Number of protein chains: 2
Amino acid sequence: MSSYKDKKVITIGVMSELTGLSERKIRYYEERKLVFPERTQGGTRKYSFDDVERLIDIADKMEDGMQTFDIRRMEQKKLPKKELRERMLRGQLNAAFNIRK
Amino acid sequence: MSSYKDKKVITIGVMSELTGLSERKIRYYEERKLVFPERTQGGTRKYSFDDVERLIDIADKMEDGMQTFDIRRMEQKKLPKKELRERMLRGQLNAAFNIRK
DNA sequence: CGTGTAAGGAATTCTGACACG
DNA sequence: CGTGTAAGGAATTCTGACACG
């Protein structure tokens, strides 16, 4: 089962190129528990191709106005469907009208 | 067709861990035209999973006493079969008796 | 030929913080 | 909340060379 897709070998610089996301964003999504890179002995992050796809997916949802909180809940599938729909709608409205909290 | 396997994303440090080869060896095999990493803007090497497999294969052949020259020829499949067999035999003999040129 | 190593420098990454909205 | 940035330091990588066998 252990494929190449889940082997953590990609540095944050390459990941940034692959996803188009800034390193800052990538590190922030980790802080928000959305990605879980491994580390080298020295402490540099290592990501997998699965993480590449995950980050692209996250980026899409962020663009739709969703918040990291909602994305995390969504992946855990623990949020009741009704509430999730409301949150997604709110996110899209926020995005559409560029609302600031 | 462009799979993950041929995407150049692995740094030499990770490659060294993945293959068990020293960075010195990995760079040397590049010098001998056996692997062809890409480079980042800054000049650091990037390898693919295909390269991981290729290097492991190379390492096996080196252990059998083959020389980089023969390995390269072998991959190009341009060496006559008879001569190749002779070279492989010689390599294995060298390895067996630990002969120094 | 194949590989280790010390050397000096450059590129990459890391963390914690301040800023803004 | 999400993200940019300047800051200082540490880890990583690079090249060319000398060594040895």
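Here is the naming used below: chain letters follow the sequence lines, and residue numbers restart at 1 for every chain. Note: hydrogens, waters and symmetry copies are ignored here, and every other heavy atom, side chains too, is used. Predicted, not measured: the structure shown is a model, and the values here were computed from it.
- When each of D/dT3, D/dC14, C/dG2 is scored by its nearest atom to the side-chain atoms of A/Met62, the top-ranked nucleotide is D/dT3.
- In this structure, A/Lys25 contributes its side chain and A/Ser16 its backbone to no donor-acceptor pair below 3.5 Å.
- In summary, B/Arg54 and B/Asp51 engage in a salt bridge, as defined by a charged side-chain N under 4.0 Å from a carboxylate O.
- One finds no side-chain N or O of A/Thr11 lying less than 4.0 angstrom from the OP1 or OP2 phosphate oxygen of D/dT12.
- When the P atom of C/dA17 is taken as reference, atom CZ of A/Arg24 falls 12 Å away, rounded to whole Å.
- At least one side-chain heavy atom of B/Met62 sits under 4.5 Å from a side-chain heavy atom of B/Thr68.
- Using a 4.0 Å heavy-atom criterion, one finds that A/Arg32 contacts the sugar-phosphate atoms exclusively.
- The existence of a salt bridge linking B/Glu38 and B/Arg45 is excluded, since no basic side-chain nitrogen approaches an acidic carboxylate oxygen closer than 4.0 Å.
- Comparing D/dT13, C/dT12, C/dG2 by their closest approach to the side chain of B/Tyr28 singles out C/dG2.
- Against DNA chain C, the stretch residues 41-54 of chain A makes heavy-atom approaches under 4.0 Å through A/Gly43, A/Thr44, A/Arg45.
- D/dT13 atom P lies 5 Å from atom CD of B/Glu23, rounded to whole Å.
- Ionic pairing of B/Glu30 and B/Arg39 is present here: one or more N-O contacts between side-chain nitrogen and carboxylate oxygen are shorter than 4.0 angstrom.
- Rounded to whole Å, the distance from CD1 on A/Ile10 to P on C/dT12 is 16 Å.
- If you take NZ of B/Lys25 and P of C/dG4, they are 5 Å apart, rounded to a whole angstrom.
- Side-chain nitrogen and oxygen atoms of B/Arg39 include at least one within less than 4.0 Å of the OP1 or OP2 phosphate oxygen of D/dT15.
- A/Glu63 places its CD atom 15 Å from the P atom of D/dG2, with the value rounded to the nearest Å.
- Ion pairing between a basic and an acidic side chain is recognised when a charged N comes within 4.0 Å of a carboxylate O; A/Asp70 and A/Lys61 show no such pairing.
- For B/Glu30 and C/dT3, the CD to C1' distance is 16 Å, given to the nearest whole Å.
- Per the geometry, CD1 belonging to B/Ile12 stands 13 Å off C1' belonging to C/dT3, to the nearest Å.
- A heavy-atom distance below 4.5 Å is not found between the side chains of B/Thr44 and B/Ile12.
- In this structure, A/Tyr29 reaches the D/dT3 phosphate: one of its side-chain N or O atoms is under 4.0 Å from OP1 or OP2.
- Interatomic distance, CG of B/Leu55 versus OH of B/Tyr47, reported as 7.0 Å (0.5 Å rounding).
- Minimum atom distance to the side chain of A/Arg27 is reached by C/dT13, of the listed D/dT13, D/dT12, C/dT13.
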Per-nucleotide pairing state of DNA chain C [Watson-Crick or G-U, under 3.5 Å; [ ] pseudoknot-crossing; | other strand]:
|||||.||.|.|.||.|||||

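- Between B/Glu23 and B/Arg27 there is a salt bridge, since at least one side-chain N of the basic residue sits less than 4.0 Å from a carboxylate O of the acidic one.
- Note: CD1 (B/Ile26) to P (D/dC14) measures 10 Å, nearest angstrom.
- Contact of the B/Val9 side chain with the A/Phe49 side chain is registered, since non-hydrogen atoms from C-beta on lie closer than 4.5 Å.
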